[in-house]
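Heads up, the thing below is written out as structure tokens.
Given the structure is predicted, the values throughout are model-derived calculations rather than measurements. Chain A is the first sequence line, chain B the second, and so forth, proteins listed ahead of strands; every chain is numbered from 1.
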Protein chains: 2
Amino acid sequence: MERQRRIPEATVARLPVYLRTLLDVQTDGVTTISSERLAELAGVNAAKVRKDLSYLGSFGTRGVGYDVDHLLVQMSRELGLTRDWPVAIVGVGNLGAALANYGGFGDRGFPVAALIDADPTKVGTTLGGHTIRHLDDLPAVVNELGIAIGIIATPAAGAQEVADRLVAAGVTSILNFAPAVVTVPEQATLRKVDLALELQVLSFYGQRDSIGSSLREELGVSAESTNSGA
Amino acid sequence: MERQRRIPEATVARLPVYLRTLLDVQTDGVTTISSERLAELAGVNAAKVRKDLSYLGSFGTRGVGYDVDHLLVQMSRELGLTRDWPVAIVGVGNLGAALANYGGFGDRGFPVAALIDADPTKVGTTLGGHTIRHLDDLPAVVNELGIAIGIIATPAAGAQEVADRLVAAGVTSILNFAPAVVTVPEQATLRKVDLALELQVLSFYGQRDSIGSSLREELGVSAESTNSGA
DNA sequence: CCGACCTTGTTCTCTTGTTCACAAAGTGCC
DNA sequence: GGCACTTTGTGAACAAGAGAACAAGGTCGG
Ligand SMILES: NC(=O)c1ccc[n+]([C@@H]2O[C@H](COP(=O)([O-])OP(=O)(O)OC[C@H]3O[C@@H](n4cnc5c(N)ncnc54)[C@H](O)[C@@H]3O)[C@@H](O)[C@H]2O)c1
Ligand SMILES: NC(=O)c1ccc[n+]([C@@H]2O[C@H](COP(=O)([O-])OP(=O)(O)OC[C@H]3O[C@@H](n4cnc5c(N)ncnc54)[C@H](O)[C@@H]3O)[C@@H](O)[C@H]2O)c1
């Protein structure tokens, strides 16, 4: 009788938030936490916390709450954080260099293990203890260092090619910073961080608020009457 | 008879992708595009494209497709990109400096207009043409320069305080890079970019794939038979 | 040992988002 | 001018996610 092992995507995306929150309270010496409290700290709804945690099959204690240490163990295991995931950064420019210099990843089990670039003048130079290797060496680098995750920090034009090469080299997890649509085969996972998109979304809601305010001023307080039609 | 003016959140998040795609094809001299083609380039479903675009109230031409220029105008207007949105970066460290040096924002209507830090040794120094101002000057800076968006690039510990100060100074759009849960009043909009979270999500799916493979090897090809219970 | 109290786990409902499928609408050829 | 062809716009079915509510289960004080 197998446990229900399909964790919803939305839940997966929240687990890291819970994890960080739990690490925080653990540091403060807290040993037990209720869904209510965890929800407050993680900025979500308590029912959601309980449902999310139930997917882990982890048991809280009714009347008491969850054991922080136990929860951390379960969660780390589920997220695959019991091992290291060596990362390769492809494209060592402005952003790539900043990421390479950032210590926060190694701490959390994602050591930067390799830097890759296509620019011959950069290849061979050293940054943060790593010698920059050429893109053509990717298969060798991945093999030698056991690269599990590739970070794309090249200009948009090169992103798809880099992704293809990463996948060809056996890397199935990719984080893309380039503002381009990149596709990968089904067996691989791609996530993206798109700052321009974030800013444009902020712009949308910012503008809307302004308009909203103006309208509200003009029309009185009837702005609430947005009936949810059908 | 007012047009239906509630654009779903999911749609808002896709508009920037369409926008970028359209700019690309416009550069190539394309003047008309079908939902099918746009969907392909943007990496989404064609029906979704049509529904998303229908929220703009923009008219395609049946049998032909959408006029690229017209679509760009509509979309830019809807996203509020007809004006500039001056950005202040708070926390000019490793990441903040990289963002400040990055030219890609100003190009797209988000000029970096101010740099803020709390470290007295950094205040007064210059970076990318901007003199770093002290956090205490925030209200004045926001006022003088018409700051519309605040980017938080401080350590996690300071993030909530910075957010509070930004809001107090009148900034209602915030992009947070610090790995911390930050809350803002309802009238403000906050989005976050959390790299550790992204990596951990990749870890989850990466691990899962590995397990899947192993299991598949061990058990033959019965891995498909994950019956969706109830 | 018992009962009041607390918190979990889960069911149910509602909302949001995705996708299909097709009628309506326009184009351009003949 | 009409007809075949293309593509949009949207209704309806389907899937995923959020949140309220509550029964089940366990603690702890007396
Ligand atoms: N710098 C930022 O703050 C920032 C912010 C948001 C988005 N981005 C995006 O991140 C990406 C990198 O930005 P950046 O400012 O670091 O750019 P950059 O030009 O400073 O660096 C790009 C690096 O990639 C290398 N490169 C180019 N093509 C390559 C290829 N095919 N394979 C391997 N390496 C290649 C270049 O040699 C260069 O070293 C861009 O797509 C940019 O839009 C950057
Ligand atoms: N550097 C990266 O590549 C990277 C990647 C992912 C996440 N982050 C996150 O981004 C944030 C910044 O990272 P970093 O590497 O630039 O750190 P950093 O330590 O290099 O820089 C932080 C800067 O913020 C300033 N600061 C501290 N408290 C402040 C306050 N209350 N108000 C204003 N300024 C304040 C400091 O003086 C310093 O200049 C961190 O939260 C980090 O976790 C960074």
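Rounded to whole Å, the distance from CG on B/Asp67 to P on D/dT8 is 13 Å. The distance between atom CG of A/Leu71 and atom P of C/dT8, rounded to the nearest whole Å, is 11 Å. Atoms CG (A/Leu38) and P (C/dT7) sit 14 Å apart, rounded to a whole Å. Here D/dG19 presents its P atom at 13 Å from CD of A/Glu36, a figure rounded to the nearest Å. Rounded to whole Å, the distance from NE2 on A/His70 to P on C/dT8 is 15 Å. If you measure from atom CG of A/Asp52 to atom C1' of C/dG9, you get 13 Å, rounded to the nearest angstrom. The CD atom of B/Glu40 sits 13 Å away from the P atom of D/dT7 (whole-angstrom rounding).
Two residues are said to be in side-chain contact when any heavy atoms from C-beta on lie closer than 4.5 Å; A/Tyr55 and A/Glu78 fail this criterion.
Summary of the strand contacts: A/Gly63 and A/Pro8 both lie near DNA chain D, and taking for each the nucleotide with the nearest heavy atom, the more 5' one is attributed to A/Pro8. Along DNA chain D, the nucleotide nearest A/Arg50 and the nucleotide nearest B/Leu53 are compared for position; the residue whose nucleotide lies closer to the 5' end is B/Leu53. With DNA chain C read from its 5' end, the first of the two nearest nucleotides for A/Phe59 and B/Glu9 is the one closest to A/Phe59. Position along DNA chain C of the nearest nucleotide to B/Lys48 versus B/Arg62 favours B/Lys48 as the more 5'-ward residue.
A donor-acceptor contact shorter than 3.5 Å is absent between the side chain of B/Ser203 and the backbone of B/Leu199.
Listed pair B/Tyr66 / D/dG9 meets the phosphate criterion, a side-chain N or O lying under 4.0 Å from OP1 or OP2. The side chain of B/Ser35 places an N or O atom within less than 4.0 Å of a non-bridging phosphate oxygen (OP1 or OP2) of D/dT8. Within the 4.0 Å cut-off from OP1 or OP2 of C/dC20, at least one side-chain nitrogen or oxygen of B/Asn45 is found.
Residue-level contact check: B/Arg14 touches the backbone only, with heavy atoms under 4.0 Å from sugar-phosphate atoms and none from bases. When heavy atoms are screened at a 4.0 angstrom cut-off, A/Ala10 is found touching the sugar-phosphate backbone but no base atom.
Summarising the geometry, atom CG belonging to B/Asp67 is positioned 10.0 Å from atom CG belonging to B/Leu22; distances are rounded to the nearest 0.5 Å.
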Table please: side-chain donor-acceptor pairs of residues 155-173 of chain A below 3.5 Å, with sequence neighbours left out.
| from | atom 1 | to | atom 2 | distance (Å) |
| --- | --- | --- | --- | --- |
| A/Gln160 | OE1 | A/Thr183 | N | 3.0 |
| A/Gln160 | NE2 | A/Asp164 | OD1 | 2.8 |
| A/Gln160 | NE2 | A/Thr183 | O | 3.0 |
| A/Glu161 | OE2 | A/Arg165 | NE | 3.0 |
| A/Glu161 | OE2 | A/Arg165 | NH2 | 3.1 |
| A/Arg165 | NH1 | A/Asp136 | OD1 | 2.9 |

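Comparing D/dT7, D/dT10, D/dG19 by their nearest atom to the side chain of B/Lys51 picks out D/dT10.
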Mind running side-chain hydrogen bond (donor to acceptor under 3.5 Å, both in side chains) on B/Arg50 and B/Ser35 for me, showing each step along the way? CA-CA 6 Å; B/Arg50 288 200 294 276; B/Ser35 61; 3.0 Å; yes

